Each structure stands twice: as C-alpha cells, then as structure tokens.
Protein chains: 4
Amino acid sequence: MPPTESAPRPLRSDAQRNRARILAAAEEIFAARGPSASTEDIARRADVAIGTVFRHFPTKAALVEAVFAGRLRAITEQAAALAGAPDPGEAFFAFFAEAVRQSTVKHTFVDAIDDADPAMVAVWAVVATAGADLRDAMDTLLVRAQRSGAVRPDITVGDVVALMIGTARALEQAGPDPATQDRLRSVVADGLRRH
Amino acid sequence: MPPTESAPRPLRSDAQRNRARILAAAEEIFAARGPSASTEDIARRADVAIGTVFRHFPTKAALVEAVFAGRLRAITEQAAALAGAPDPGEAFFAFFAEAVRQSTVKHTFVDAIDDADPAMVAVWAVVATAGADLRDAMDTLLVRAQRSGAVRPDITVGDVVALMIGTARALEQAGPDPATQDRLRSVVADGLRRH
Amino acid sequence: MPPTESAPRPLRSDAQRNRARILAAAEEIFAARGPSASTEDIARRADVAIGTVFRHFPTKAALVEAVFAGRLRAITEQAAALAGAPDPGEAFFAFFAEAVRQSTVKHTFVDAIDDADPAMVAVWAVVATAGADLRDAMDTLLVRAQRSGAVRPDITVGDVVALMIGTARALEQAGPDPATQDRLRSVVADGLRRH
Amino acid sequence: MPPTESAPRPLRSDAQRNRARILAAAEEIFAARGPSASTEDIARRADVAIGTVFRHFPTKAALVEAVFAGRLRAITEQAAALAGAPDPGEAFFAFFAEAVRQSTVKHTFVDAIDDADPAMVAVWAVVATAGADLRDAMDTLLVRAQRSGAVRPDITVGDVVALMIGTARALEQAGPDPATQDRLRSVVADGLRRH
DNA sequence: TATGAATGAGCCTTCATTCAT
DNA sequence: TATGAATGAAGGCTCATTCAT
C-alpha cells in the first residue's frame, strides 16, 4: 500500500464489472429520462446496492460527468480517425452525421447540466477538458474542409458544435423515421456548404 | 348568477389577474432556470401564495403546459399575421427567424413533459390543439414558399418544427453573441432554400 | 405582503403551537440523547411531519442553535435578575448554582457542536451573540463579587463559564443524588472563593 | 499447537502489531474528532483495511471501549505509582492534575457509549473491571490524603472521578492557554482541600 | 377565493457491518 | 488472516400537493 494514492491500483475484477454495469445503466437511464433520474434507479438497473454506486462515483455529478465525458471521448476518437481521410469535405460531413447520430438521445447531456447547481461546476471542469480534445480534433477536420472549399469559410468550431447539438435535438424531435432524419441532416449539411 | 352552467364560469377579475401573474412569473422563471424550478419560486415571483398557484393549475405539469401552450399560441399568431405577406419566401424566413428567437430559452418546455405520467394526458390534449393550429398556420406559410420556389419542395411542416426547435437549441448552446446567432440561423435557413 | 421580508409577520396560531412543540421535543430529545439525535425522532415526538420541522428550522443546525440559544437566554435572565441583589457574593454563588443546575443534562450542547462540521459554523455565530449577552450579565455579577472580596480576584468570566460547564458535566457524571450534587457544587464554589 | 484451548490463543505477531496500530490510530482520531469519527478513517490512519479493524474489534463500540479501557489502565498505573509517595497530599493532587491533563480530549469517551445498546453489555463488563481497578488505586490515594488532612474528609472516590471528568471538560472549554488551565485546575484543587 | 402551514414521499449521501477474494 | 468491495439502513433536506384557517 503506497503512502500516496497517486496511482490508484487497478480495480478488482468484480469491482471493474460493477463499475462497467453502473456506467451502462447510467447511460441508458440518463439517455431515456435525463440526468435527473435518480441514482437509486440506476443502482436498481445495474443490479447493485445504492452504496456501490457511490463507492465508484462519489457524487451524482461525478457519475453524470463520467457518462458525459465517455461520450465525448468516443466522438473525439471518431474525429481523429477521420483526420487523414483523402477527401476533406467528405470526412467532415461524415463526422458531422455520425456525431449527430450518436447524440440523438431523448435528453442531451448538456441539457442536463444545471448551471445553477453548484455541484455541477466540477462537472463542467472535466467536461471542458474532454471537450477541448474534441474541439482540437474537430478543428483539424473543419479547417481542412474549409481549405478544400467544401465548407463555408466563416464557420467556427463553436458553430459546428452548436449545430451538432441543435441538429441532434431536431432529430430527436422529429422521431425515428430514417428518411426524415436524413432530410433534416441534409438541410443543415447543405447550409454548411459553400454556396 | 352564472350565464350557463355548462361552460366554466368566467373568473372573477382578481382571479383573472392572479392567473395572468402566475403565468407571467412561470414564463420568466422557467425560461431562466428551466422547468425544474420550484413552484414556490413561481408563487413568490407572482406575489401569490402557493395555494393560489395550485388553485389555478391543479398540477405543476398543468402549469408548464399552460406556459407552453401560450407560447404556441403566440407563435401561431405571428404565422397568421404573415400569411398574406406579398413575398412568400420572405414571409416564411421571417417567421422562421422570429420563432427561433422566441424559443431561445434555456430549457425547452417539451423536455419537461413526462409522457409516461397519466396526469399529463389532459395536458397533451390542450397542447395538441394549440399545436395543430400552429401547424395549420405554418403549413400555409410553407406551401406558399415552396410554390414560389424559395424553399426545398421535399420539406414538411414537421421538418420545419423540428428544425426550429433544433436551431433554438443551437443558438442557446452558442451563447448570446448576435453575429454568431445570425450565422447559425443563416446556415439552417440556407439549407432550407432550394439550391 | 411587503416587498421586503424584513419583518417576518407573526406566525399563525397553529404554526406557533407547532414551533413550540418542536422546540420542546428537541429540548427533551437533545437533552436525553445529545444533538446527534435524528430530526425524524424530534418530529415524531412533536407529533408533526418531518417537513414541518424543516419549515420552522431550515437546517438541523438551526434547530440545535435555537434550543441552545433559548437556554442561554434563560440563564442570562437569571443573571440579570440577580444583578441588583444586596449581597454580591451571595448573588454570584446563587447564580452559579442555578446555572449549573439548569445545564445538567445528559449531553451539554457545547459537546454537541462539532467544529469540524462546516454547517455548525453558523450555529456558533448565533450562539456567540446570545453568549455575549450572557457574558455581560455574568461580568456584572462577577466583578461585584470580586470587589466585595467574595471571589478570587484573578478569575475571569471565561473561567466561570468553563467551570459552570465543567461542573455541570461532573454532576451529570455523579448521578442524581442531591447530597452528592451539593457536595460537588460546594467544592467548586469553595475553590472560587478568596481563601 | 496452542497451549490450551480454553484461553483465547495468543495472536500471531503481525496480528498483534495490527491490533496495536488500530488502537493507536483510534486513540488519535477519537481524541481529535470525537468518537463519531468514521471507522474507515481509523483504518486509513492505521494503514490497514477496514475489514481488519472489524476482525479485531467486532463492533465500533468495542473499539471505543478498548480505547477507553486502555486509558483507564494508564491512569490506574499512575495512581499506583504514586501510592507510596512520601507526601500523601502532594501525591493526590499530582495524580489529579495528571489525570485531568490526560483526559483533556475533545470528546470524552463516556459520551460515546450508548447504554441502551445490548451489544454494549460485554463492553461495559470490561470497562467496569478497569474502572474498579482505577477506583481502588484512587481510593488508596484519597484516603491517605484525607488522613493526612490535605483533603476534605467528606469527599468520596466517586466525587473525585466526577470532578476529574468535569475539570477536564472545563479545560477543554477554556482552550489551550496554560495559565488559564492552571488557574482552573487550581480552583477545583483548592475546593478539594480542607479549608 | 386566497393563504401558507403541514404533509410525506423521494432524493443524495454516509457509514457500520458483512463477505467473497 | 487481511483485503476492500458490496450492502442497506438511516439521515438531512426538498418540494409537489393538501387542507385548515
């Protein structure tokens, strides 16, 4: 047992499994009912006692943050994977479509984070870090696409983020019909192109 | 001596005033802090007792719905006002911009309404009515704009509603800078145009 | 309803009764089991719902503080009542005996206040105010008694407070036998006299 | 091959070491933060796992008791060491001062022990034994001091115990200033002398 | 009708205790 | 024996809703 806890030892296998189950349960339940869903419900879905949830995530905010950051990281990886694609425009729009698809849940997490709640301030810190990585990856994609003439030159990364979230919201509103979802996505994508 | 027993008798004038104050307070507070703001806070802002709020709106959900329906009616009126404008395309896009502007609140109301709650059935009825009126008014605007060639012909009213909500969400995400808001709105509007 | 809540209107009679019942219940239960007793138990003893306790005392600390401050005020009144007594020494020792008697409960409140708990910081503020009044009243008593030669001149008010609390603790420890309690009290009183 | 099955077999040396570490940690932490400090914290300070604490002390109360009994034993030894001192009065007051000094901790342990809890019956047995030894040792000191005329003849051992605890409480209340602590101790000591 | 005190289910969190590893 | 993850009963507090005044 080292004097300082600097390197938290790897979790025991059963603990790892529980941690994963809790994250999965939280992802599902937050997606379905928003992050105001109760921790108790998440514990029930993960089939663990409430204390176990709090052992892994000392705070409800920490749990929300973990789920949210996980999602950001996944999207970031996809942006990175497309960074070297041959056609910059195609890469950008492929990323946009995929990111929107993955954000389409009943409640986007951003909605969930109530700035008024001081407990959520810490959440934003972590999210900001993960978000910065994502922004960097997106910036690469965006700049290349703009240089190639595929995207309006006045658009910023912040614009793209906002439009991704907004488009996800629109799809959520419109319902699951694939044709409709394609149509809506194409509207925003067209708007982003140089005209 | 009420005029007829069948219809809900008109409220006494002070009751009417209270109802209006409560709605106004709810609008402000829901817009600022989302629909999870407490009913107490709304009562306080309206300067009435909590019991009065529940006398006018038997349920918190009913209050949320009333605010939402009110907003729908306001937007409907604007659509109606633009129905006879000389330039159909201009009318449509003016409506779109205005509607988005008015929907830009921190938390959209739709998020607040829990479909699973049986107490919300009656609520949805009212909203549905208001929503149908809005759809009709929007349909007029949309069809004229499409006939004039200003808007993509494959777009439906549902698409426009979804995009309005999504765009409002994007603006909320992007923050208050007017130039940014214009840029984002123009992206979606451009995407809606025939290209 | 005044715009500013500066003067909280007098409570409705039933609310007053409940407030008094809660305070009485808290006094009993804190005295018997210490201030770590649960708010729920106090509510039960007062025969009100838990929410009612929190309506009257927004925090558990506020409840502890109210009980504690009430006790301080009672003792302060007694000190004030004895301030003009003809024999200063007699007055001082009568006060000391009475104050000790009233503090003899299984758990003194001071024990209760956990400095480590940040929620208790506010408690100390109020207590300090009530305590300052008490100190003033005690100071009068003490100085007169010292001038009359009845009490050791090097004793301070702080000493008297500490000895009161300590003596109460000793009596609590010794049990309820009156002769024993008198003996213990007389030991400390004798020690305070000029010898 | 244990010596006899009837007596609890001696602990393995590492277990002995752990037991001692836990007791030391508990002593420190209970002294600093009172007996409501969490068992986890004690385990952490002792650098053992929580399960180890519960293997050695089946209950938190048992741990509190062990610390308490240890303290009683330490004080008993001091009383015994002074039993044959040449000046009986000096010996008694030296013991009193030292015992008070050692009891000056933020929370007295007696407070922590809940008499109502049936799990505490066994605990009290041990404490009672240690307490009886202490009383015997103190009795020797006290009777000698009374015979020599240094202490009031009506005082009992129970009185002395109560006053020790009460004085410790007074010192705790008064704060750490040495002059103040001396003054308070001298007040009680003077009160105990024959006058 | 309006008032606002009372109710109590539910939420997040802590911690003594148990038990699989 | 030691470990530390899991358990689950409380505890403090909030807030939608009810009801006596």
Side-chain angles (χ1 to χ4, degrees), chain A residues 1 9 11-19 36-43 47-61 63 119, chain B residues 11-12 14-15 18 36-44 47-63 119, chain C residues 1 9 11-19 22 36-43 47-63 117 119, chain D residues 11-12 14-15 18-19 36-44 47-63 119:
Chain A
M1 193 179 300
R9 76 182 60 194
L11 287 174
R12 264 163 39 180
S13 63
D14 55 343
Q16 271 185 57
R17 210 195 52 237
N18 274 341
R19 193 190 151 90
S36 70
S38 85
T39 314
E40 190 62 59
D41 281 355
I42 289 165
D47 214 34
V48 298
I50 182 67
T52 303
V53 175
F54 279 89
R55 160 169 277 270
H56 287 280
F57 304 94
T59 265
K60 187 181 178 180
L63 178 55
Chain B
L11 290 171
R12 274 172 23 188
D14 55 342
N18 274 344
S36 71
S38 86
T39 316
E40 263 302 333
D41 283 355
I42 289 164
R44 200 156 23 238
D47 220 26
V48 299
I50 180 71
T52 304
V53 175
F54 278 87
R55 165 168 289 275
H56 285 282
F57 305 94
T59 266
K60 186 183 180 179
L63 175 56
Chain C
M1 193 179 300
R9 78 183 58 195
L11 288 174
R12 265 162 40 180
S13 63
D14 55 343
Q16 271 185 57
R17 210 195 52 237
N18 273 342
R19 194 191 149 90
I22 291 166
S36 70
S38 87
T39 314
E40 191 65 57
D41 281 355
I42 289 165
D47 214 34
V48 297
I50 182 68
T52 304
V53 175
F54 280 91
R55 161 170 278 270
H56 287 281
F57 304 94
T59 266
K60 185 180 180 182
L63 178 54
D117 186 347
Chain D
L11 290 172
R12 272 171 27 188
D14 57 340
N18 273 345
R19 193 189 150 90
S36 71
S38 88
T39 316
E40 266 297 338
D41 282 355
I42 290 164
R44 198 154 25 236
D47 219 27
V48 298
I50 181 69
T52 305
V53 175
F54 277 87
R55 165 168 288 275
H56 286 281
F57 304 93
T59 268
K60 186 183 181 181
L63 177 56

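Throughout, protein chains are lettered first and strands after them, A, B, ... in sequence-line order, and every chain is numbered starting at 1. If you're wondering where the values come from, they're calculated on a predicted model, not measured in any experiment.
- The phosphate of F/dT7 (OP1 or OP2) has a side-chain N or O of A/Thr52 nearer than 4.0 angstrom.
- Between atom OG1 of residue C/Thr52 and atom CG of residue C/Asp47 there is a gap of 10.5 Å, rounded to the nearest 0.5 Å.
- To the nearest 0.5 angstrom, A/Leu63 atom CG is 7.0 Å from A/Thr39 atom OG1.
- The distance from atom CZ of C/Arg55 to atom P of E/dT3 is 14 Å, rounded to the nearest whole Å.
- When Watson-Crick and G-U wobble pairs are counted only if both distances are under 3.5 Å, E/dA9 pairs with F/dT14.
- The distance from atom CD of C/Gln16 to atom P of E/dG4 is 15 Å, rounded to the nearest whole Å.
- Two residues, A/Asp47 and D/Asn18, neighbour DNA chain F, and the one matched to the more 5' nucleotide by heavy-atom proximity is D/Asn18.
- Comparing E/dA2, E/dG4, E/dG8 by their closest approach to the side chain of C/Ala49 singles out E/dG8.
- Closest approach of D/Ala43 to D/Val53, counting heavy atoms only: CB-CG2, 3.7 Å.
- When all heavy atoms are compared, the tightest approach of A/His56 to A/Asn18 is NE2-CB, 4.1 Å.
- Taking atom NE2 of residue D/His56 and atom C1' of nucleotide F/dA2, one finds them 9 Å apart after rounding to whole Å.
- One atom, CZ of A/Phe57, and another, P of E/dC11, lie 20 Å apart when rounded to the nearest Å.
- Taking every heavy atom of both residues into account, C/Phe54 and C/Lys60 meet most closely at CE2-N, 4.2 Å.
- In this structure, D/Arg19 places its CZ atom 15 Å from C1' of F/dT1, rounding to the nearest Å.
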Exercise. Nucleotide by nucleotide, 5' to 3', does protein get under 4.0 Å of the base (B), only the sugar-phosphate (S), or neither (-) in nucleotides 16-21 of chain E, counting heavy atoms?
Worked result: SBB---

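- The main-chain N or O of B/Asp41 is found under 3.5 Å from a side-chain atom of B/Ser38 such that the two form a donor-acceptor pair.
- Pairing partner, E/dG4: F/dC19, with both Watson-Crick or wobble hydrogen-bond distances short of 3.5 Å.
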